[in-house]
There are 4 protein chains.
Amino acid sequence: MKRSIDSQVRNHDLVSQRRDDIVQAAIRVFRANGFHEATTRMIAREANVTQSNLYNYVRTKGDILYLVCEHLVGLYEEGLAKVLEQHADPHARLIGGLRAILAIMLQHKDELVLLYNETHALAKDDRRQILKSVSRLNGAFQRLIAEYEAAVGPLAVSNRRVAANLMTFVPAIVALRWWDLSTHARWDEIEDQIFAFVLNGIGVSPKTG
Amino acid sequence: MKRSIDSQVRNHDLVSQRRDDIVQAAIRVFRANGFHEATTRMIAREANVTQSNLYNYVRTKGDILYLVCEHLVGLYEEGLAKVLEQHADPHARLIGGLRAILAIMLQHKDELVLLYNETHALAKDDRRQILKSVSRLNGAFQRLIAEYEAAVGPLAVSNRRVAANLMTFVPAIVALRWWDLSTHARWDEIEDQIFAFVLNGIGVSPKTG
Amino acid sequence: MKRSIDSQVRNHDLVSQRRDDIVQAAIRVFRANGFHEATTRMIAREANVTQSNLYNYVRTKGDILYLVCEHLVGLYEEGLAKVLEQHADPHARLIGGLRAILAIMLQHKDELVLLYNETHALAKDDRRQILKSVSRLNGAFQRLIAEYEAAVGPLAVSNRRVAANLMTFVPAIVALRWWDLSTHARWDEIEDQIFAFVLNGIGVSPKTG
Amino acid sequence: MKRSIDSQVRNHDLVSQRRDDIVQAAIRVFRANGFHEATTRMIAREANVTQSNLYNYVRTKGDILYLVCEHLVGLYEEGLAKVLEQHADPHARLIGGLRAILAIMLQHKDELVLLYNETHALAKDDRRQILKSVSRLNGAFQRLIAEYEAAVGPLAVSNRRVAANLMTFVPAIVALRWWDLSTHARWDEIEDQIFAFVLNGIGVSPKTG
DNA sequence: AATGAATGAGACTTCATTCAT
DNA sequence: CATGAATGAAGTCTCATTCAT
């Protein structure tokens, strides 16, 4: 499902360890400079790797961006999966899912900006791959909604895909508008109000009962 | 309020005319390639200007991006102003404002993506300038909300700035998720449901009564 | 017939003038270092052009090699054409052709080595193009031979294409074995003996009569 | 006489066996890519050796090219020696020598191209060494000619070194023009006609009489 | 006002070679 | 003897920008 990226290095553990370093380093560098202004030298330095050794773990600068984006969408997928394991009730699952997305967004807002800012710098195929992951996330929410509606009744937003997109997109406000939100509201205020806003918007009550 | 951009050319009309051409050309080029992959050659060609003459109307490539972004946020500001002229009632003004943002977003979704994708490529000061415009837009909505609450009663979202941000941000889903939305819903469906979603979310009834 | 090479520069005369400079410079540099060891910096310096300006007249380093090879095969073609204008008699045309090739080879032996040494460094299509020129040269000799045989009688080498190849190839000994020939024989000795060798070989008498 | 090449490895048989593998591998790789485009990785892979182990049998990439060239000129020397053992008569020895060169050229045309294409990529000293071998080959033919002239009479080509060079060079047409020859003549036709051409050229009758 | 040519800085990437195990 | 990982040097090319006309 993920695109595999060739490496000159055999040792699998080493590869994934170094790639982690590279991804983390790249995130820092990309945040500070953006993908295009970032140089492979910067990334290498930040990852404690020589510039040439970098290329033993990655084939191109574009690969690094892909790795970063893959990591970032992975955050959602993991976060959502973890929550869904814990709940069986459709209502709890739906609001749990939303809570998860929102929490992840808040926790990783600095990195996740990249997912919105730099996706278009991906190579075409890489981009398709990443969008497919987002699509999958939407699909997951679409199913949660379907289950909810089957159990509880219809949402206020009739098209389930639209509703799903709203649930996965609105939390991004935290990453993309933090510069404004943070100067006018407290963290918990922001989290609670956005959470409530989305539930109200799609017509779901926050509590079971 | 707007940053002024130096030009070598005296003739004022010519400057603003050419700059319009340049902005429109740049929008097309940026959409196709992104700011960084776009070259001044491309932009010049698309604008029917020689590459060197371009530099009589603009000092750097960054200036072009600034002009583009300025133009794009201007779309909001104009759109909003036009609506507010027509309504005096706080409730009508609030939902009118939302309607306007959403309509503009839908109409210009292709260009407005740039505002989300390329803002971070702006020079620091230019960026601040553009964010200030967005901030101003938020301020406008904040005031609309205050007037509404004074007249009708409190919103479901208690922090007005958060509410304002939600109203100006959520419509962007249309630009940023069109690739997914458009394959699962019709245009009018999308528009109506997002509109209703936001109103529900902040706790405003769609109709005056 | 020739592959055209894009240039950023409009002025046609300037382009061809600079390209001449570049070709001459490249020949010197390639002779000293070979194509692969030669850097675009060296070529540019030798041509009195900045390294970056070089790229306004040529798209890639490979283009330069193509230009060089094209120039070199051109030497044959021109040389041959000039001679053939002057003779109508089939016998005179045939030995005149051979004389021309040999003379050109001797005169330009230093450069023409490149045609044998670096052809394989050409991009596939460029290579095809250059080989086609050589093929054309062979074709020309093939026709000269046919005319000769029609007028005088059959050659000792029965396959005309083989004979043509021998006539165009053997003179290359001068370029490829100069290091040995030059230490054991005088220039005029070399020229005369190779000329006689080829004529004897294909069975043509050196003098008309 | 041959330049010796250092090796880290004591076991002599292993060294020469591996070097054979390396030479054969390198020939394949060089033919496909040329010396400069060939990487030590490719060569190592083709020779079933790790890239680093390669360096236990060879000191530099240039060494490999030298070994290849040495192997290639060796083909001539062996071929010639074998023939000369069998003939005592000066005439038979001369035409036998020519036949041998031509046969080897035809048999190994694909590899021997390298000798003409890549010699200039050799390090200066290596190159000198290889040219010395070619020179030796010319010397051998020069002696064969001297013996022939002593026994039979003067050749048509008066300078013996020039004649020797022609005898060792002309057969190379087979390697360097195969792309054209092969599409216009059959193998045996090519062989016979070139053989006859050279003998005619230098003024030797093909048969003893 | 407009043009065409020129420039300098720098980025990505490749590869022969070495080192530690 | 053999291996896998690491390295440093270098080269091609692009592009925003300027200059002279």
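We use all heavy atoms of the structure for the numbers below, so side chains are in, but hydrogens, waters and symmetry mates are not. Naming convention: chains lettered A, B, ... in sequence-line order (proteins, then strands); numbering from 1 in each chain.
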Give the rounded distance in Å between these two atoms: [atom1] of [X] and [atom2] of [N].
X	N	atom1	atom2	answer
C:L54	F:dT14	CG	C1'	13 Å
D:R18	F:dC1	CZ	C1'	9 Å
C:R10	E:dA5	CZ	P	7 Å
A:I43	E:dA11	CD1	P	12 Å
C:Q8	E:dT3	CD	P	17 Å
A:R45	E:dA11	CZ	C1'	14 Å
A:N48	F:dA5	CG	P	19 Å

Nucleic acid footprint by protein, nucleotides 13-21 of chain E - heavy-atom cut-off 4.0 Å, B for base, S for sugar-phosphate alone: BBBSBB---

Base partner of [N], which must satisfy Watson-Crick or wobble distances under 3.5 Å:
N	answer
E:dT7	F:dA16
F:dA10	E:dT13
E:dT21	F:dA2

Side-chain H-bond candidate by donor/acceptor type, C:E111 with C:H71, under 3.5 Å: no

Test side chain to side chain contact (heavy atoms under 4.5 Å, CB included) applied to D:T50 and D:L54, step by step: CA-CA 6 Å; D:T50 54; D:L54 194 64; over 6 Å; no

Side chain to side chain donor-acceptor pair (under 3.5 Å) partners of residues 15-28 of chain C, not counting sequence neighbours, each pair once: C:R28-C:E46

Pairs involving residues 120-130 of chain C, ordered by first then second residue, that meet side chain to side chain donor-acceptor pair (under 3.5 Å) (sequence neighbours left out):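 Counting only pairs at least two positions apart or across chains, the side chain to side chain donor-acceptor pair (under 3.5 Å) contacts touching residues 120-130 of chain C are C:R3-C:D126, C:H120-D:E118, C:D125-C:R128.
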
Mutual orientation of the aromatic rings belonging to C:F30 and C:F35 [parallel < 30°, tilted 30-60°, perpendicular > 60°]: perpendicular

Side-chain touch B:I130/B:L122, heavy atoms, less than 4.5 angstrom: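 A side-chain contact under 4.5 Å exists here.
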
Any side-chain heavy-atom pair of A:V113 and A:R31 under 4.5 Å: no

Residue closer to the 5' end of DNA chain F, D:N11 versus A:Y57 (nearest nucleotide): D:N11

